[in-house]
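This report refers to the structure that appears directly beneath it.
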4 protein chains.
Amino acid sequence: MRKKDESKNGAIYESTVQLVLEKGLAGVTMCDISKAAGIATGTLYIYFSNKEALMNKVFNICRKESASFYLNDYSPLDPFDVGFRKIFNNIVTYRLQHFEKFIFLEQCYHSPFITEDVRKDSLKYLNPIFDLLQKGKDDHIIKDLDDALLLGYIIGSVNEVIKKAHYGNKSLDHKKIAQLYQLCYDGILA
Amino acid sequence: MRKKDESKNGAIYESTVQLVLEKGLAGVTMCDISKAAGIATGTLYIYFSNKEALMNKVFNICRKESASFYLNDYSPLDPFDVGFRKIFNNIVTYRLQHFEKFIFLEQCYHSPFITEDVRKDSLKYLNPIFDLLQKGKDDHIIKDLDDALLLGYIIGSVNEVIKKAHYGNKSLDHKKIAQLYQLCYDGILA
Amino acid sequence: MRKKDESKNGAIYESTVQLVLEKGLAGVTMCDISKAAGIATGTLYIYFSNKEALMNKVFNICRKESASFYLNDYSPLDPFDVGFRKIFNNIVTYRLQHFEKFIFLEQCYHSPFITEDVRKDSLKYLNPIFDLLQKGKDDHIIKDLDDALLLGYIIGSVNEVIKKAHYGNKSLDHKKIAQLYQLCYDGILA
Amino acid sequence: MRKKDESKNGAIYESTVQLVLEKGLAGVTMCDISKAAGIATGTLYIYFSNKEALMNKVFNICRKESASFYLNDYSPLDPFDVGFRKIFNNIVTYRLQHFEKFIFLEQCYHSPFITEDVRKDSLKYLNPIFDLLQKGKDDHIIKDLDDALLLGYIIGSVNEVIKKAHYGNKSLDHKKIAQLYQLCYDGILA
DNA sequence: GATGAATGAGGGTTCATTCAT
DNA sequence: GATGAATGAACCCTCATTCAT
């Protein structure tokens, strides 16, 4: 990957993510991406050796970005309920504001493009969240359950509700989000 | 005269669902399916006019089968907590026993193969579940929230936890399932 | 070719000719023909060993039928001008009344379905016409030219005018036909 | 950067026209054409979006080329008989020298490849010929008949005679052509 | 590095023909 | 004989990737 023009990378990322939202992972062609990014098809192969590498790279960037987004305004020193609320809201907000990236990440999880290694590796970005959950468990605020179970429970419900709303053309207002928060929070409480 | 071999329909369904699990909806070819079903490619087109029709048909069958499975052993006369537990367990069990169909359904929901009409139409199979939720709300057992929100919350968390477990090669034992149940149930309680 | 039901032969001929008019020789499928003839596809192969054989057979029948039609009401004893007018009108009338057969014959002439042998063989049906032309030449009524040239000249102009009229949705009235006759007749006059 | 190789267009045209002569319009495959043109199948689709577009393009080129050929050495100032003779000879010569294009044009006229619009549009190339016929009519040299009838009569007879000669493996010598000219000319004379 | 023309394997689909009933 | 399901080669077209400029 010889990098000449860093701005092209950005254009490629954005085009890829947007096109995957519109056409699905398998429905997007390298030609589509290059056109949307304003470059030639061949140029794509200067930046990425092939489609899989491109998708993996974009996946990783989204993964990091989203994990980082989840921690906006959050401090490990926050009390559990404050921290949990912040992170929950960040998770929701990321999906609403960057729906295309959310869907891209979703599509990647069940795709041959994303290798098992990459998938596992990406878990590490969520460590601060696992730490928060641990604190909640240590303080007997929340149920003492497996991290994967707790996070899967929360992330799964948020994902589903947001997708349902989006594809049903019903926007999620603050009230609905607060209700979803309450569902999740009441669920994990010890 | 040779009659249409109805057993081929079954072979096609199973092959399709299994291959979609392995390769994704868009990654499956008609050639793959016919080979797996033990028939010639052209024969596939006797049973289904094209790939989209095939996928829609399999989708509908899975949809009905799953909805029916969810109601196993359930009676509308069951008290809310009993009925909810039965249905919850059925939802989980279906996903564990028919993981390939579960994934197939998941993939269909955000795919051009499934038309909007078919998607909406399939909601009707869930009516008994909506009725149960209504009873819970009427009896002030559970939170008085939108059906889509409640079901999205439950289904979403179940889906995510089961997929995480499957792809992480960790089987979900009865204990974990009971814990997930408790998370969901505590969440919806009024 | 085991013949059981002679009426099926007729149905096949008519369907074939009509379908070729609608879809062109190469655009017609054996399935189309069998459906239009009200029989099963396999049955077609009891009557004809393959598509080429079917087309050749229909071609031959049309060829004979048309040649015979050309001689309606004609007698070799007719004076040249009378005979020529009769035959000319018959040629025109056949094309107008049996446009589908006319087009079928046209399409066959430049098709791999019709072998060279069949094409040559079919010339013999036109012998009475050649005899008439010879009489005209012997009597110094018409130009002393090659038969193929004379017949090609007449048939070609008739074919073209009738096709142009048909596809341009302009019906050929008696006046136009008389004018065409005059063109041809004046042309051949010595 | 590699630029589109315009010579490929020519190779494609020639291959298409030649193959249509050999196999008929519907019998020619895109694969055939690409092989004959010395390029890959996919390359064909860089130059033409699909088979229909390719055929329409080649049709238009042949149409223009032939119409232009018909006017070789012709001047609108020529007296009628001189002009008619020139154009008649050009029409014949084009068919003899470019038999494959002549047949290609013939096949196109009754084919779904050629849209009605294209067919009608192509008539305009023949305007100088219609003008000549009008002059002949105005000067009472030829019969005062419909243009379509006059042209159909001439073109039809020429087409038929040339095809008969070609497929009967008999070359048309100058004498035969002169005879055909006399047939047509005597026919149209007032 | 950048371009986009060129490639050809592979996808969905059709259809002449065969074959079990 | 009649049927129509079954077959698989072949068709049109797409697209990830390469390569000449």
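Each chain gets a letter, A, B and so on, in the order the sequences are listed, and its residues count up from 1.
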What is the distance, rounded to the nearest whole Å, between atom [atom1] of [X] and atom [atom2] of [N]?
X: C:Lys8; N: F:dG1; atom1: NZ; atom2: C1'; value: 8 Å
X: C:Tyr45; N: E:dT17; atom1: OH; atom2: C1'; value: 5 Å
X: C:Lys51; N: E:dT14; atom1: NZ; atom2: P; value: 15 Å
X: D:Leu44; N: F:dT14; atom1: CG; atom2: P; value: 12 Å
X: C:Ile46; N: E:dA20; atom1: CD1; atom2: P; value: 15 Å
X: C:Ile12; N: F:dT3; atom1: CD1; atom2: P; value: 11 Å
X: B:Met55; N: E:dG11; atom1: CE; atom2: P; value: 13 Å

(request) Would you kindly compare D:Gly42 and C:Glu52 by the position of their nearest DNA chain E nucleotide and give the one closer to the 5′ end? (result) D:Gly42
[X] versus [Y], closest heavy-atom pair with distance:
X: D:Val17; Y: D:Phe104; result: CG2-CG, 4.1 Å
X: D:Ser66; Y: D:Leu105; result: OG-CD1, 4.0 Å
X: B:Lys51; Y: B:Val28; result: NZ-O, 2.6 Å
X: C:Leu19; Y: C:Ala36; result: CD1-CB, 3.9 Å
X: D:Met55; Y: D:Ile33; result: CE-CD1, 4.2 Å
X: D:Ser34; Y: D:Cys31; result: OG-O, 2.9 Å

(message) At 4.0 Å (heavy atoms only), tell me whether D:Phe48 reaches a base, stays on the sugar-phosphate, or touches nothing.
(response) nothing
(message) Can a donor-acceptor pair be found, under 3.5 Å and without considering hydrogens, that links the side chain of D:Ser68 to the backbone of D:Lys64?
(response) no
(request) Residues of residues 16-38 of chain C with any non-hydrogen atom less than 4.0 angstrom from an atom of DNA chain F: list those, numerically ordered, please. (result) none
(message) Are there runs of at least three consecutive Watson-Crick or G-U pairs touching DNA chain F, with each pair's two distances under 3.5 angstrom? Give them by first number.
(response) E:2-21 with F:2-21
(request) Measure from the side-chain heavy atoms of A:Thr41 and tell me the nearest of F:dA2, E:dT13, E:dG4. (result) E:dG4
(message) Is the shortest side-chain heavy-atom distance between D:Phe102 and D:Asn159 below 4.5 Å?
(response) yes
(message) Can you tell me how the ring of D:His166 sits relative to the ring of D:Phe99, calling it parallel under 30°, perpendicular over 60° and tilted otherwise?
(response) parallel
(request) Report the residue (B:Ala40 or D:Asn50) whose heavy-atom-nearest nucleotide on DNA chain F is the more 5′ of the two. (result) B:Ala40
(message) Taking only side-chain N and O atoms of D:Tyr47, does any of them lie within less than 4.0 angstrom of OP1 or OP2 on E:dA6?
(response) yes
(request) Compare side-chain N and O positions of D:Thr43 against OP1 and OP2 of E:dT7 and report whether any pair is under 4.0 Å apart. (result) yes
